[in-house]
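To start, the structure under review is shown below, and the notes come after it.
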Amino acid sequence: MKEEVENKAAQSEEELSVISKAIELLKTVYDPEIPVNVYDLGLIYKIDYDTSDKTLHVDMTLTAPSCPAADFILEDVRQKLLSIDGPEKVDLRLVFDPVWDQDMMSEEAKLELGFL
């Protein structure tokens, strides 16, 4: 039982480390038309790391379904996430539910874009 608890604690530590690194890297990905990173824009809906199969699962959206920079942004996100030590695979899903709106942005992003 003690070993099981220790394994869970180590697993959680690994998960938190990978998720923390993912957030750090996502804050370096920008939409070329907006001077705010994708994380602070609220475009990242989910970040989960499954230690059992070493897969990083990320759900994200775009400010608009017809975003002309979609391929560039997605590839930048994928490459940054693949650079993290630990995950062997990245499951990056583009979703549009819920629909993104300005309320999903961080306070810093709203301030940067003049919404505050």
Original post:
Who passes salt bridge (Lys or Arg N to Asp or Glu O under 4.0 Å) against D76, sequence neighbours left out?
Top reply: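 Scan of D76 (salt bridge (Lys or Arg N to Asp or Glu O under 4.0 Å), adjacent residues dropped) gives K80.
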
**OP:** Could you pull out all residues at least two apart from K27 that satisfy salt bridge (Lys or Arg N to Asp or Glu O under 4.0 Å)?
**Re:**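 Expected list: none.
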
**OP:** Check whether more than 12 heavy atoms from other residues, nucleotides or ligands sit under 6.0 Å from atom CG of D85, and answer yes or no.
**Re:**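 Not more than 12 within 6.0 Å, no.
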
Test item: [X] and [Y] side chains (from C-beta on) under 4.5 Å apart, heavy atoms:
X    : Y    : value
M105 : F115 : yes
Y45  : L43  : no
K54  : E14  : yes
D91  : L56  : no
P87  : T55  : no

**OP:** Work out which heavy atom in L111 is nearest to a heavy atom in L116; give both atom names and the distance.
**Re:**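 In terms of heavy atoms, the two residues are closest at N-CD1, 4.1 Å.
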
Original post:
Should L113 and W100 be regarded as members of a common hydrophobic cluster, given that ILVMFWY residues are connected when their side-chain heavy atoms come within less than 4.5 Å of each other, either directly or indirectly?
Top reply: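 Yes: a chain of side-chain contacts under 4.5 Å links L113 to W100.
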
Subject >> Cluster check Y30, L25: I/L/V/M/F/W/Y, side chain < 4.5 angstrom >> reply: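 No, because Y30 and L25 fall into different hydrophobic clusters, even though each may have its own neighbours under 4.5 Å.
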
Original post:
Who passes side chain to side chain contact (heavy atoms under 4.5 Å, CB included) against Q79, sequence neighbours left out?
Top reply: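 For Q79, the residues satisfying side chain to side chain contact (heavy atoms under 4.5 Å, CB included) (neighbours in sequence not counted) are E75, L82.
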
Contacts table for residues 59-74: side-chain donor-acceptor under 3.5 angstrom, sequence neighbours left out:
unit_1	atom_1	unit_2	atom_2	d
D59	OD1	R93	NE	2.9
D59	OD2	R93	NH2	3.1
T61	OG1	V95	O	2.7

**OP:** Tell me who clusters with V99, hydrophobic residues only, linked when side chains sit under 4.5 Å apart either directly or through other members.
**Re:**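 Members alongside V99: none; it stands by itself.
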
Compile the donor-acceptor pairs under 3.5 Å between side chains in residues 32-42 and protein atoms, sequence neighbours left out, one pair per line.
unit_1	atom_1	unit_2	atom_2	d
N37	OD1	Y39	N	3.0
N37	OD1	D40	N	2.7
N37	ND2	D40	OD2	3.0

**OP:** With rounding to the nearest 0.5 Å, note down the distance linking OG in S83 to CZ in R78.
**Re:**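 S83 atom OG to R78 atom CZ measures 13.5 Å (nearest 0.5 Å).
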
Subject >> Atom pair CD/CG of E15 and D50 - distance to nearest 0.5 Å >> reply: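 Result: 7.5 Å between the selected atoms.
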
